[in-house]
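Step one of this worksheet: look at the structure below.
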Amino acid sequence: MPPSAVASLTHQCSLLLRRLAERHSPAPAPTCPSSFLRALRCLHARLLTANLLHAPSHPHLTLRLIHLYTLSPDLATPAVLFRCDPGPVAATSLVAAHAATGRLRDAAAFFDAVPPARRDTVLHNAMISAFARASLAAPAVSVFRTLLGSGSLRPDDYSFTALLSAVSQMHNLAASHCTQLHCSVLKSGAAAVLSVSNALIALYMKCDTPESSWDARKVLDEMPDKDDLTWTTMVVGYVRRGDVNAARSVFEEVDGKFDVVWNAMISGYVQSGMCADAFELFRRMVSEKVPLDEFTFTSILSACANAGFFVHGKSVHGQIIRLQTNFVPEAALPVNNALVTLYSKGGKIVVAKRIFDTMKPKDVVSWNTILSGYIDSGCLDKAVEVFKAMPYKNDLSWMVMVSGYVHGGLSEDALKLFNHMRAEDVKPCDYTYAGAIAACGELGALKHGKQLHAHLVQCGFEASNSAENALLTMYAKCGAVKDARLVFLVMPNVDSVSWNAMISALGQHGYGREALELFDQMVAEGIAPDRISFLTILTACNHAGLVHEGFHYFESMKRDFGISPGENHYARLIDLLGRAGRIGEARDLIKTMPFEPTPSIWEAILSGCRTNGDMEFGAYAADQLFRMIPQHDGTYILLSNTYSAAGRWADAARVRKLMRDRGVKKEPGCSWIEVGSKIHVFLVGDTKHPEAQEVYRFLEVIGARMRKLGYVPDIKFVLHDMEPHEKEYVLFAHSEKLAVGFGLLKLPPGATVTVLKNLRICGDCHTAMMFMSKAVGREIVVRDVRRFHHFKDGECSCGNYW
DNA sequence: ATAGGGTTAG
């Protein structure tokens with residue numbers, strides 16, 4: 001065989017590899033174009049005819065061919081090739097190639113296929129590192145043990161490097177593991193090798209006992225030669241431990257810093273949310289003329305996007321445009337992805353889309369970025385378009401879309417997509433479960449939510465905070481406080497979100513005292529309450545009528561926790577006072593506020609005045625509110641009713657005119673139904689039950705009436721059955737846009753019904769309740785977010801709204 | 001034929 005022919009074949013192998021790399025976007029299993037496979041087969045044939053397959057003179061050609069095959073989904077052929085030569089050399093190549101593409105099972109199969117007597121140290125090393133890549137410490141250790149136990153073979157520095165890297169990824173890495181491994185490294189004499197020492201540092205840094213970072217430092221200090229990796233490992237290790245200051249001091253220690261250390265430090269700042277410091281370091285890098293590469297730019301762009309430094313981000317973009325010619329396309333990809341993130345977070349979704357469109361290689365990250373960009377900007381329809389057009393998706397894409405639907409108020413679509421996903425055999429991640437569970441909460445679909453809970457447990461996601469918090473919230477929204485509490489009690493990692501959600505669950509369902517107790521317990525356990533915690537606790541006081549306590553927590557928020565109350569905190573407190581008949585104090589309170597009253601403050605005042613019959617001040621509040629931009633349609637209704645009640649007919653007429661002009665439906669009780677919307681009716685018990693059917697027929701009568709009024713030309717009732725929940729009954733406000741009906745079956749007299757959502761002032765639920773109490777002929781007590789009402793024979797005790 | 005660090009999406 002002439003050397004030129006061998007060279008040409010070698011060259012062709014490299015060409016094919018490059019072609020594949022260009023197409024190699026969604027790791028781990030790339031879809032190869034058929035032309036690639038054809039070219040590969042052709043190459044294979046040429047090697048065969050030239051008698052170069054397994055030729056001892058040119059072993060690299062066969063190995064390259066194997067490598068090319070392993071990158072393709074056609075796994076049969078390398079197996080065939082391997083059968084010709086099941087020796088350790090071919091096997092090593094196959095093990096490594098499969099491990100690199102994430103196909104661990106195949107990698108292990110090739111290892112196993114070599115008879116133990118023929119396995120050498122290198123093959124063992126490849127297998128250990130394959131397990132290390134997959135973060136599987138135990139099997140890596142066991143391969144290492146077989147290597148030790150073989151008798152004839154000895155582990156070398158590669159073996160130790162791979163072993164240490166595998167062990168360092170263990171979840172509960174104990175300090176004793178580290179010292180033990182350190183000892184065996186010392187005994188073997190491999191400690192002098194740089195890569196082994198580096199791996200040892202990484203190992204100690206991954207162990208979370210405080211002393212282990214000292215051990216890492218000791219290894220570093222005793223090393224005769226250190227390379228850039230030594231320092232980088234140390235910096236990265238400290239960042240991972242959450243000790244940015246230590247990372248910084250190590251960083252400052254390095255002489256003649258390599259760009260990788262700078263990049264690691266910048267990324268450390270970004271990860272710790274210290275974006276200003278990241279930017280400062282970036283400036284230093286520029287002034288010290290450290291070469292900037294794609295890693296630098298990607299991190300710094302991400303810092304700009306996270307911290308909202310859009311002007312800086314734009315100037316970095318300018319810098320990149322000047323340098324971009326130096327980037328190979330693969331290197332530019334993450335940079336472009338970060339740019340898309342920057343612009344979409346900066347509210348410039350159009351610019352983001354333009355960059356996205358011009359990007360040459362795109363990967364899953366690019367698609368996911370533009371997808372969530374659209375969702376964050378509220379363009380749900382565009383997001384759906386992108387989602388459908390995506391050439392490849394991963395679990396994150398599904399997750400973004402599912403929670404995007406929930407966020408956009410389309411919970412049903414979220415659940416549909418979730419089911420679709422499972423039908424396509426895509427495994428949902430914990431965040432996707434969280435989205436679907438949140439959708440159930442929005443829809444009040446308790447049964448479905450429980451099913452998802454079961455799936456969650458099956459998938460082993462109990463340790464996921466997002467999923468567990470979603471469960472807690474879902475149960476709370478469905479009125480299943482007991483289940484919510486159970487979730488809270490057995491959760492492995494309770495965070496501040498969980499505490500707030502649990503406190504809110506108790507507060508919303510009338511367990512005011514318990515909510516306060518839980519809040520105190522949270523503080524006692526050293527969790528600092530945030531503004532949301534206080535909003536929650538004030539709401540709880542509000543529901544339970546605990547005025548004194550409300551004031552206490554309001555004061556404590558400022559005094560003990562240094563949180564200055566915001567508009568919503570004041571509004572809650574005013575609401576609380578108003579309901580307790582202490583409207584005078586509420587009036588005094590707004591004078592002490594450090595800011596001008598906002599619409600929500602005036603609304604709280606107004607509803608307080610209305611319940612207290614203080615029409616004079618109520619009218620004043622209404623005047624203030626009238627000047628401002630109404631927050632929602634209900635404000636108009638509230639204003640119109642207030643002016644009417646105060647006898648200011650001209651003003652009431654003005655409001656009504658405004659409502660007409662702005663297209664607000666004025667009829668209370670009907671204005672909330674959107675044309676063509678569905679009404680969800682949740683029945684306690686069995687939908688097939690004759691009584692349920694009766695309720696259903698009654699709803700049809702209501703529907704007919706609404707049709708007659710011309711508001712809802714196409715009304716549809718959807719029945720959901722739910723399980724009776726002890727003495728608690730739940731009235732679901734499905735969403736603010738949709739109306740809610742309620743059917744009562746076997747409801748004991750005086751049973752408590754909880755209204756779950758903060759409803760609009762025009763009182764969608766109230767209407768339904770009035771109709772329902774008339775239908776059932778029984779008194780219903782409603783424990784509402786806003787007020788307590790009694791409904792009897794179709795009349796509401798409050799009477800204010802009708 | 002085998003090893004170790006820094007990049008992007010929620």
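Residue numbers start from 1 in every chain, and the chains themselves are labelled A, B, ... in the order their sequence lines are given, proteins ahead of strands. What you see is a predicted model; the values in this text were computed from it and never measured.
With hydrogens and angles ignored, a donor-acceptor pair closer than 3.5 Å exists between the side chain of A:Thr92 and the base of B:dA1. With hydrogens and angles ignored, a donor-acceptor pair closer than 3.5 Å exists between the side chain of A:Asp293 and the base of B:dG6.
Rounding to whole angstrom units, CD1 of residue A:Ile300 and P of B:dG6 are separated by 18 Å. Atoms CG (A:Leu396) and P (B:dG10) sit 8 Å apart, rounded to a whole Å. Taking atom CD1 of A:Ile266 as the reference point, atom P of B:dT8 lies 12 Å away to the nearest angstrom. One interatomic measurement links the two molecules: CG of A:Asn263 to C1' of B:dG6, which rounds to 5 Å at whole-angstrom precision. In this entry the distance linking CZ of A:Phe461 with P of B:dG10 reads 19 Å, nearest Å. Atom CH2 of A:Trp367 is separated from atom C1' of B:dG10 by 19 Å (rounded to the nearest Å). Between A:Tyr269 atom OH and B:dT7 atom C1' there is a gap of 18 Å when expressed in whole angstrom units. One interatomic measurement links the two molecules: CG of A:Asp363 to C1' of B:dT8, which rounds to 8 Å at whole-angstrom precision.
Within residues 226-233 of chain A, the residues approached by DNA chain B to less than 4.0 Å at the level of any non-hydrogen atom are A:Asp227, A:Asp228, A:Leu229, A:Thr232, in residue-number order. Applying a 4.0 Å cut-off to non-hydrogen atoms, the residues of residues 122-137 of chain A that approach DNA chain B are A:Val122, A:Asn125, A:Ser129, A:Arg133, listed by residue number. Within residues 161-169 of chain A, the residues approaching DNA chain B are A:Thr161, by heavy-atom distance under 4.0 Å.
Of the candidate nucleotides B:dA9, B:dT7, B:dG10, B:dT7 has the atom nearest to the side chain of A:Thr298. Here B:dT8 is the nucleotide among B:dT8, B:dA1, B:dG10 with the atom lying nearest to any side-chain atom of A:Ala338. When the nucleotides B:dA3, B:dG6, B:dA9 are ranked by their closest atom to the side chain of A:Phe295, B:dG6 comes out on top. Side-chain proximity of A:Asn368 to the nucleotides B:dG10, B:dA9, B:dG6 is greatest for B:dA9. Nearest nucleotide to the side chain of A:Cys429, out of B:dA9, B:dT7, B:dG10: B:dG10.
Of the side-chain N and O atoms in A:Gln271, none sit less than 4.0 angstrom from OP1 or OP2 of B:dG6. Note on A:Ser267: a side-chain N or O is less than 4.0 Å away from OP1 or OP2 of B:dT7.
Within the nucleic acid shown, A:Val260 comes within 4.0 Å of at least one base atom, counting heavy atoms only. In this structure, A:Asp120 reaches the bases: a heavy-atom distance under 4.0 Å links it to at least one base atom across the strands shown. Across all strands shown, A:Ser195 has heavy atoms under 4.0 Å from base atoms, whether or not it also approaches the sugar-phosphate. Counting any heavy atom pair closer than 4.0 Å across all strands shown, A:Asp157 reaches no nucleic acid atom.
In this structure, A:Phe144 has its ring center closer than 6.0 angstrom to the ring center of A:Phe160.
Interatomic distance, CG of A:Asp277 versus CZ of A:Phe282, reported as 15.0 Å (0.5 Å rounding).
Judged by distance alone, with hydrogens and angles left aside, the side-chain atoms of A:Thr233 form a donor-acceptor pair with the main-chain N or O of A:Leu229 at under 3.5 Å.
A salt bridge links A:Asp208 with A:Arg240: the distance from a Lys NZ or Arg NE/NH1/NH2 to an Asp or Glu carboxylate oxygen falls below 4.0 Å. Between A:Arg248 and A:Glu252 there is a salt bridge, since a side-chain N of the basic residue sits under 4.0 Å from a carboxylate O of the acidic one.
Side chains of A:Ser195 and A:Thr161: a donor-acceptor N/O pair is present below 3.5 angstrom, by distance only. No side-chain donor from either of A:Asn337 and A:Lys362 sits under 3.5 Å from a side-chain acceptor of the other. Between the side chains of A:Ser267 and A:Gln271, a donor-acceptor pair is found at a separation under 3.5 Å. With no hydrogens or angles considered, a side-chain donor-acceptor pair links A:Ser397 and A:Asn394 at under 3.5 Å. For A:Asp156 and A:Thr121, the side-chain atoms include no donor-acceptor pair closer than 3.5 Å.
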Item to check | Residue pair A:Arg241, A:Ser212: steps toward the side-chain hydrogen bond (donor to acceptor under 3.5 Å, both in side chains) verdict | outcome: CA-CA 11 Å; A:Arg241 289 165 156 256; A:Ser212 62; 2.4 Å; yes
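Heavy-atom minimum distance, A:Ala389 versus A:Trp367: O-CH2, 4.1 Å.
For NE2 of A:His407, the number of neighbouring non-hydrogen atoms (other residues, nucleotides, ligands) closer than 6.0 Å is 12 at most.
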